[in-house]
Structure formats: structure tokens, C-alpha cells
Colleague: 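Okay, here's the structure, questions in a sec.
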Protein chains: 2
Amino acid sequence: MAANSQFAVAVHILAMLAKSCEENVKSDCIAASVNTNAVVIRRLLCGLQQAKLVVSQTGANGGTRLARQPENINLLEVYRAALPHAEVFALHRQTPNQKCFIGKNISKVLENLQAEIDEAVEEKLLRYSLADVLESVERK
Amino acid sequence: MAANSQFAVAVHILAMLAKSCEENVKSDCIAASVNTNAVVIRRLLCGLQQAKLVVSQTGANGGTRLARQPENINLLEVYRAALPHAEVFALHRQTPNQKCFIGKNISKVLENLQAEIDEAVEEKLLRYSLADVLESVERK
DNA sequence: GTATTTGTAACTATTCTTGTTACAGTTATG
DNA sequence: CATAACTGTAACAAGAATAGTTACAAATAC
């Protein structure tokens with residue numbers, strides 16, 4: 001799979017914004033730090049903006065800044081903003097054979113399991129704020 | 001992404017084997033239930049065999065059966081056997097810019113977070129046995 | 001008004017998963 | 001012991017998702 005690094009990049013972006021306090025940061029600058037193209041960053045910023053985590057400004061001297069204090073942004077919000085359809089594991093690609101007893105009934109069981117696992121992940125993410133991330137980064 | 005459904009299929013496979021008790025089940029039969037090609041099933045069975053969850057037998061009248069009772073197979077083993085490199089989220093594709101303070105230090109922080117999240121998932125999976133899955137399937 | 005910056009579309013490249021064909025090796029069974 | 005039935009696996013094609021790139025319209029500070 002082309003492994004999905006959007007959450008990792010989103011956290012990186014937000015850490016940069018957090019470090020720059022109230023100042024507008026340009027997508028070019030973030031792209032240089034992440035080591036990718038500025039459009040990739042702007043795409044992610046779009047999602048973060050819709051989630052009301054950041055505020056962007058077009059035009060000369062524009063850029064992006066945090067919409068809230070790092071203490072008030074938790075990683076679950078970031079996760080959901082970056083990966084709106086995140087799931088720890090995927091269900092069957094083709095629907096199983098409904099004429100087979102297992103095939104007919106396994107999907108519901110897997111769905112329930114999936115929901116429970118996803119919940120465990122989200123619960124864990126909820127415990128961390130962007131401020132925690134920034135603190136960890138600075139401690140190194 | 002081509003979403004990875006290998007864990008879901010692995011559980012499906014094992015549920016079929018569990019239901020067939022000690023009898024050899026053929027990859028063709030499993031493939032028909034999963035609604036895919038038999039080679040896809042055999043590939044997964046290979047991993048399950050290496051993890052000592054199943055025993056396969058080549059030749060006429062061959063097939064695969066569980067290596068242990070369903071009560072003694074937990075879903076974490078299945079997860080690891082099906083997805084040896086599973087991670088809930090991926091890290092940066094390109095290493096970040098080491099000249100940038102955030103770029104230089106964010107990876108380690110994300111790695112730690114990743115490890116913690118993965119652990120939460122594994123802990124959850126550990127609580128379920130194949131017998132639990134089979135029971136849920138039958139209860140429907 | 002001009003330079004700067006975001007937002008976004010459109011397309012390509014990359015990478016991973018799944019599906020398929022083919023065939024060598026193994027084994028039960030008549 | 002020949003044959004049919006299976007697994008194991010390689011090799012490749014197809015499919016699907018992410019990431020990278022180019023281009024340009026729209027917005028805005030100065």
C-alpha cells in the first residue's frame with residue numbers, strides 16, 4: 001500500500017504552527033520542513049481548517065496559524081481531520097458468499113470488532129494535546 | 001489506498017476451519033466463501049501456518065485444519081500473522097528536513113506515539129479468541 | 001496595480017493490495 | 001504405480017489509494 005502518512009504530516013504541520021505562535025506560516029515553509037510539495041501541505045491544511053483547528057489567509061503576507069491554543073487541540077481531532085475515514089483494518093473487499101453460513105455472518109462480527117478497535121485508538125489519541133507533542137519535541 | 005483486508009480474511013478463514021473441526025478444508029472451499037481466488041487464500045494460510053495457527057497437508061485429500069483449539073487462538077496472533085508490519089498510522093514517507101528544528105525532532109515523537117497506539121490495538125485484540133468470534137457468528 | 005499567497009483541479013508517479021495463470025512438488029487412492 | 005487432487009510459490013497483471021507536480025484563478029497587503 002502507499003502507506004498513509006497524512007496524520008503524521010498533519011501533526012508535523014501543527015507543531016510548526018504551534019511553535020510560530022500567532023504568526024502566519026506559509027505552506028512553502030512547512031513543505032520545506034516536511035520535505036514535500038507545498039500543495040500536499042495546502043491540501044492537508046484544508047482539512048485542518050474545516051475542522052477549525054487552523055485559520056488560513058490568502059493573499060500577500062498570508063499563511064496559516066492555529067485557531068486555538070495548543071493545549072486545546074487534541075490528537076483525536078487531528079486524526080479525524082486528517083483521515084476522515086480511518087480504520088485500523090479493512091473489511092472484505094468483496095462481500096462474502098451469502099450462501100455460506102460463515103460468509104453470511106462474519107461481516108457483522110468483523111464490523112463490531114473493527115468499531116471496538118477503532119474506539120480504543122481514538123480513546124488513546126484523545127489523551128494527547130498538541131501542547132504535549134510540542135513539549136516532547138522540545139525535550140529532545 | 002488499496003485497503004488491506006488481510007486480517008478480515010484471515011479471521012474468516014480461521015472461523016471456517018474452526019467450524020470444520022478436525023477435518024481438512026481445501027483452499028478452494030474457503031475461497032468460495034470469501035469470494036476470492038484460492039491463491040489469495042493459500043497465501044494467507046502460509047502466514048497462518050508459519051505462526052503455527054494451522055496445519056496444511058499437500059496432496060490428494062489434503063487441505064488445512066486448525067493447529068489448536070479455537071479457545072487457544074487469540075486475535076492478536078492472527079493479526080500479527082496476517083499483517084506482520086501492521087501500523088495504525090504511517091510515519092513520514094520522506095525523512096523531514098533535518099535543518100529545521102521541528103523536522104529534526106518530530107519523527108521520534110511520532111514513533112513513540114505510534115508505538116503506544118499500536119500497543120493499545122494489540123491489547124484489545126489479545127482479549128478475543130477465535131472461539132469468541134465463532135460464538136458471535138453463531139449467535140446471529 | 002503588482003507581487004504574494006492560498007485553494008483547487010487535473011494529471012502523473014509511486015506504492016501497496018488483490019487477482020490470475022502456471023506449474024512444480026506432494027500424497028491418497030484405486 | 002499411475003493418476004487425480006492438493007498445496008506452495010513465482011511471476012505478472014489489474015486495481016486502488018496516496019503523494020507529487022504543474023498550472024492557474026481568486027484574494028489581499030502594500
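Numbers restart at 1 for each chain; the letters A, B, ... are given by sequence-line order, proteins then strands.
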Colleague: Whole angstroms only, please: what is the CG-P distance between A:L45 and C:dT5?
Modeller: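 About 15 Å, once rounded to whole Å.
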Colleague: When hydrophobic residues are tied together by side-chain contacts of less than 4.5 Å, even through go-betweens, does A:I106 share a cluster with B:V40?
Modeller: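 No, because A:I106 and B:V40 fall into different hydrophobic clusters, even though each may have its own neighbours under 4.5 Å.
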Colleague: Please tell me which of the listed nucleotides, D:dG8, C:dT6, D:dA19, lies nearest to the side chain of A:Q6?
Modeller: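 Among D:dG8, C:dT6, D:dA19, the one nearest the side chain of A:Q6 is D:dA19.
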Colleague: Rounded off to whole Å, could you give me the NZ-to-P distance for the B:K26 and C:dA28 pair?
Modeller: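 My rounded result for the distance is 12 Å.
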Colleague: Using atom CG of B:L83 as one end and atom C1' of C:dT17 as the other, report the distance to the nearest whole Å.
Modeller: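 Distance check: B:L83 CG to C:dT17 C1' gives 11 Å.
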Colleague: In whole Å, I'd like the distance from the CD1 atom of B:I41 to the C1' atom of C:dT18.
Modeller: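 So the two atoms are 11 Å apart, to the nearest Å.
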Colleague: Could you tell me whether B:T64 contacts a base, only the sugar-phosphate backbone, or nothing, with contacts defined as non-hydrogen atoms closer than 4.0 Å?
Modeller: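 It contacts nothing in the nucleic acid.
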Colleague: Report yes if at least one side-chain N or O of B:T58 is closer than 4.0 Å to OP1 or OP2 of D:dA5; otherwise report no.
Modeller: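 Checking D:dA5 against B:T58, no side-chain N or O comes under 4.0 Å of OP1 or OP2.
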Colleague: Tell me the interatomic distance from B:Q94, atom CD, to D:dT18, atom P, rounded to whole angstroms.
Modeller: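 From B:Q94 CD to D:dT18 P: 17 Å.
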Colleague: For a quick check of understanding: with a heavy-atom distance under 4.0 Å over all strands, which category does A:G59 fall into, base, sugar-phosphate or nothing?
Modeller: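 Base, at least one base heavy atom under 4.0 Å.
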Colleague: Say whether, by atom type as modelled, one donor and one acceptor occur between the side chain of B:N35 and the main chain of A:Q94 under 3.5 angstrom.
Modeller: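 Flag not set: sc B:N35 to bb A:Q94 has no pair under 3.5 Å.
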Colleague: Sub-3.5 Å donor-acceptor pair from the side chain of B:D28 to the main-chain atoms of B:A38, do we have one?
Modeller: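 No; judged by distance alone, with no hydrogens or angles, the pair does not exist.
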Colleague: Could you state the CZ-P distance from A:R43 to D:dT22, rounded to the nearest angstrom?
Modeller: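 That distance rounds to 13 Å.
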Colleague: Please determine, for the side chain of A:R42, which listed nucleotide (D:dG8, C:dT8, D:dT7) has the closest atom?
Modeller: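 Closest of the options to the side chain of A:R42: C:dT8.
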Colleague: Any non-hydrogen side-chain atom of A:H12 less than 4.5 Å from a side-chain atom of B:I102?
Modeller: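 A:H12 reaches B:I102 side chain to side chain.
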Colleague: Taking NZ in A:K104 as the centre, count heavy atoms belonging to other residues, nucleotides or ligands within less than 6.0 Å. Is the count above 12?
Modeller: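 No, NZ of A:K104 has 12 or fewer neighbouring heavy atoms, counting only those of other groups under 6.0 Å.
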Colleague: A:V39 has a side chain; which of D:dT28, D:dA23, C:dT15 sits nearest to it?
Modeller: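 Given the options D:dT28, D:dA23, C:dT15, the side chain of A:V39 is closest to D:dA23.
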Colleague: Just N and O in the side chain of A:S5: are any of them under 4.0 Å from OP1 or OP2 of D:dT18?
Modeller: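 For A:S5, the contact criterion (side-chain N or O under 4.0 Å from OP1 or OP2 of D:dT18) is not met.
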Colleague: Considering only C:dT8, D:dG20, D:dT9, which nucleotide approaches the side chain of A:C46 most closely?
Modeller: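 Nearest to the side-chain atoms of A:C46, counting from C-beta on, is C:dT8.
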Colleague: Hey, does the side chain of A:T36 come within less than 4.0 Å of D:dA19's phosphate (OP1/OP2), counting only N and O?
Modeller: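 For A:T36, the contact criterion (side-chain N or O under 4.0 Å from OP1 or OP2 of D:dA19) is not met.
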Colleague: Would you mind reporting whether A:V78 and A:L53 have side-chain heavy atoms less than 4.5 Å apart?
Modeller: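 They are in contact (side-chain heavy atoms under 4.5 Å apart), so the answer is yes.
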Colleague: Please tell me which of the listed nucleotides, D:dC6, D:dA19, D:dA29, lies nearest to the side chain of A:A60?
Modeller: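 Shortest atom-to-atom distance from the side chain points to D:dA29.
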Colleague: Would you say D:dG8 has OP1 or OP2 under 4.0 Å from some side-chain N or O of B:Q49?
Modeller: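 Result: yes.
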Colleague: Write down the distance between CG (B:N37) and P (D:dA11), rounded to a whole number of angstrom.
Modeller: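 Roughly 18 Å, once rounded to whole Å.
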Colleague: C:dT17 phosphate, OP1 or OP2: any side-chain N/O from B:N4 under 4.0 angstrom?
Modeller: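 For C:dT17, OP1 or OP2 has a side-chain N or O of B:N4 closer than 4.0 Å.
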Colleague: Look at A:Q57 and C:dT6 and indicate whether a side-chain polar atom (N or O) is within less than 4.0 Å of OP1 or OP2.
Modeller: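 Checking A:Q57 against C:dT6: no side-chain N or O falls below 4.0 Å of OP1 or OP2.
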Colleague: Does the side chain of A:N61 get closer than 4.0 angstrom to OP1 or OP2 of D:dC30 through an N or O atom?
Modeller: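 A:N61 to D:dC30 OP1/OP2: side-chain N or O found under 4.0 Å.
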Colleague: Without decimals, in angstroms, what is the distance between A:N24 CG and C:dT5 P?
Modeller: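 To the nearest whole Å, that distance equals 10 Å.
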